[in-house]
Undergrad: 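Could you have a look at this structure, given as structure tokens, before my questions?
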Amino acid sequence: STQLVDCHLPVRPGTDAAWALAMCKVIIDEGIYNALFVKEQTDLPFLARTDTGHFLRDSDLKAGGSDEQFYVFDARSQRVVEAPRASLALGDIDPALSGRYEVTLADGARVTVTPVFELLREQLKAYDPERASTICGVHPDQIRRLARKVATKRTAVWAGGSVLKYFHGDLMVRSVTL
């Protein structure tokens with residue numbers, strides 16, 4: 001299955017998540033991700049409450065508000081605004097991918113919110129390529145090289161069909177997809 005690939009990294013079976021998350025860390029730390037894609041095509045700019053870890057919803061902010069309306073912090077207006085629902089197009093909104101902001105809930109309580117991208121960045125601190133290498137068996141330089149290629153060129157990653165047979169295999173696939 002690897003005879004037609006440009007790059008084959010023999011990841012130790014069952015450790016795909018460590019390898020993939022280390023690549024994500026490199027991509028984010030080096031700022032080589034497509035910010036517009038992240039802002040427009042993912043849920044990473046959505047605000048999450050730091051007290052519960054849940055998305056900030058309209059129902060948190062208004063009595064009778066919708067559970068289906070999420071929020072972002074607009075870097076242009078410097079305020080929390082509703083995330084677009086009718087389209088993925090952002091219009092005049094420029095969602096922040098970092099920072100912490102305070103909002104007042106419907107019950108008057110104040111909570112801190114942050115973009116999910118910021119939470120992801122914090123989670124990835126544990127996955128530097130050197131540490132991931134000890135888990136997955138791929139040299140740190142190879143992790144960095146492939147991460148840079150994935151971030152800057154059209155790429156397809158094949159995680160293998162058997163990964164789903166592992167406990168938490170779904171999480172390994174999600175890590176590769178990320």
Side-chain angles (χ1 to χ4, degrees), residues 1-2 4-50 53-56 70-76 83-84 87-90 93-101 112-164 166 168-178:
S1 66
T2 60
L4 302 176
V5 301
D6 294 323
C7 179
H8 172 250
L9 298 181
V11 177
R12 193 173 289 131
T15 65
D16 303 61
W19 157 74
L21 292 173
M23 288 193 356
C24 291
K25 179 173 175 36
V26 169
I27 291 167
I28 290 174
D29 285 354
E30 294 185 6
I32 53 178
Y33 56 90
N34 181 333
L36 179 60
F37 179 87
V38 171
K39 292 175 181 185
E40 189 177 77
Q41 302 293 319
T42 75
D43 63 359
L44 294 172
F46 288 179
L47 295 174
R49 295 174 53 162
T50 59
H54 297 157
F55 285 132
L56 179 67
F70 302 110
Y71 287 81
V72 296
F73 185 83
D74 180 23
R76 288 193 180 116
S87 166
L88 292 176
L90 296 171
I93 298 172
D94 181 19
L97 295 177
S98 62
R100 295 197 180 264
Y101 315 97
T112 302
V113 295
T114 189
V116 173
F117 189 84
E118 184 77 17
L119 298 176
L120 172 63
R121 186 189 312 265
E122 290 172 16
Q123 288 294 312
L124 291 176
K125 286 180 182 177
Y127 291 96
D128 62 84
E130 285 71 24
R131 180 169 182 263
S133 177
T134 65
I135 297 168
C136 69
V138 176
H139 194 278
D141 292 345
Q142 293 299 318
I143 293 171
R144 284 186 181 88
R145 184 178 64 78
L146 186 59
R148 291 173 183 136
K149 182 177 182 179
V150 166
T152 58
K153 296 183 174 28
R154 287 194 133 179
T155 309
V157 177
W158 177 253
S162 63
V163 74
L164 292 173
Y166 284 90
H168 292 309
D170 60 322
L171 298 178
M172 287 189 271
V173 171
R174 287 175 142 205
S175 299
V176 171
T177 302
L178 178 64

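Computation of the quantities below employed the complete heavy-atom set of this structure, encompassing side-chain atoms and omitting hydrogens, waters and symmetry-equivalent molecules.
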Undergrad: Look only at the side chain of Arg144 and the backbone of Val26, and say whether a donor-acceptor pair between them is shorter than 3.5 Å.
TA: no
Undergrad: Quick check: closest heavy atoms across Thr112 and Arg100, and the distance to 0.1 Å?
TA: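 Heavy atoms only, the tightest pair is CG2-CB, 3.9 Å.
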Undergrad: What pair of heavy atoms forms the shortest contact from Pro45 to Pro95, and how long is it?
TA: CB-CB, 3.6 Å
Undergrad: Do Ser133 side-chain atoms and Pro129 backbone N/O form a donor-acceptor pair below 3.5 Å?
TA: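 Answer holds: no.
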Undergrad: Apply the ring pair (Phe, Tyr, Trp, His ring centres under 6.0 Å) test between Phe117 and each candidate in Phe37, Phe73, Tyr33; give the one that qualifies.
TA: Tyr33
Undergrad: Quick one: does Leu47's side chain get under 4.5 Å of Pro115's, heavy atoms only?
TA: yes
Undergrad: State which residues pass ring-ring contact (aromatic ring centres under 6.0 Å, His included) with Tyr71; sequence neighbours excluded, sorted by chain then number.
TA: none
Undergrad: Check Ser98 against Glu118 and note the closest heavy-atom contact, atom names and distance.
TA: CB-OE1, 2.9 Å
Undergrad: Considering only heavy atoms from C-beta outward, does the side chain of Ile143 approach that of Cys136 to under 4.5 Å?
TA: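 Of all side-chain heavy-atom pairs linking Cys136 with Ile143, at least one is under 4.5 Å.
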Undergrad: Under 4.5 Å between any side-chain heavy atoms of Leu90 and Val72, yes or no?
TA: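 SC-SC contact between Leu90 and Val72 ruled out.
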Undergrad: Let me confirm one number: the CG-CD1 distance from Leu124 to Ile27, rounded to the nearest 0.5 Å.
TA: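 Between atom CG of Leu124 and atom CD1 of Ile27 there are 10.0 Å.
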Undergrad: Of the non-hydrogen atoms in Lys125 and Lys25, which two are nearest, and what is the gap between them?
TA: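 For Lys125 and Lys25, the tightest heavy-atom pair comes out as O-CE, 4.1 Å.
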Undergrad: Can you find a pair of side-chain heavy atoms, one from Asp94 and one from Lys39, that are under 4.5 Å apart?
TA: yes
Undergrad: I need the Arg49 CZ to Thr114 OG1 distance, nearest 0.5 Å.
TA: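 Answer rounded to 0.5 Å: 14.0 Å.
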Undergrad: Once rounded to the nearest 0.5 Å, what's the spacing between atom CE of Met23 and atom CG of Leu146?
TA: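 So the CE of Met23 and the CG of Leu146 are separated by 4.5 Å.
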Undergrad: Output yes when a side-chain donor or acceptor of Ser175 lies under 3.5 Å from a complementary backbone atom of Ala20, and no otherwise.
TA: no
Undergrad: Counting distance only, does the side-chain N/O of Asp43 pair as donor-acceptor with the main-chain N or O of Phe46 below 3.5 Å?
TA: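 Here the side-chain-to-backbone pair does not exist.
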Undergrad: Looking at CG of Asp128 and CG of Leu21, how far apart are the two atoms once the value is rounded to the nearest 0.5 Å?
TA: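 One gets 12.0 Å once the value is rounded to the nearest 0.5 Å.
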Undergrad: How many angstroms lie between atom NZ of Lys149 and atom CZ of Arg154, to the nearest 0.5 angstrom?
TA: 14.0 Å
Undergrad: Is it the case that more than 12 heavy atoms not belonging to Arg174 sit under 6.0 Å from its CZ atom?
TA: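 Not more than 12 within 6.0 Å, no.
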Undergrad: Can you tell me how far the CG atom of Leu97 sits from the CD1 atom of Ile28, to the nearest 0.5 Å?
TA: 9.5 Å
Undergrad: Only counting residues at least two apart or in another chain, list the ones meeting salt bridge (charged side-chain N to carboxylate O under 4.0 Å, His left out) with Arg121.
TA: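 Arg121: no salt bridge (charged side-chain N to carboxylate O under 4.0 Å, His left out) contacts found.
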Undergrad: Using every non-hydrogen atom in the two residues, find where Thr155 and Val150 come nearest and quote the distance to one decimal.
TA: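 So the two residues come closest at OG1-CA, 3.4 Å.
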Undergrad: Minimum heavy-atom separation for Met172 to Tyr166, with atom names?
TA: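 Residues Met172 and Tyr166, closest heavy atoms: CE-CB, 3.3 Å.
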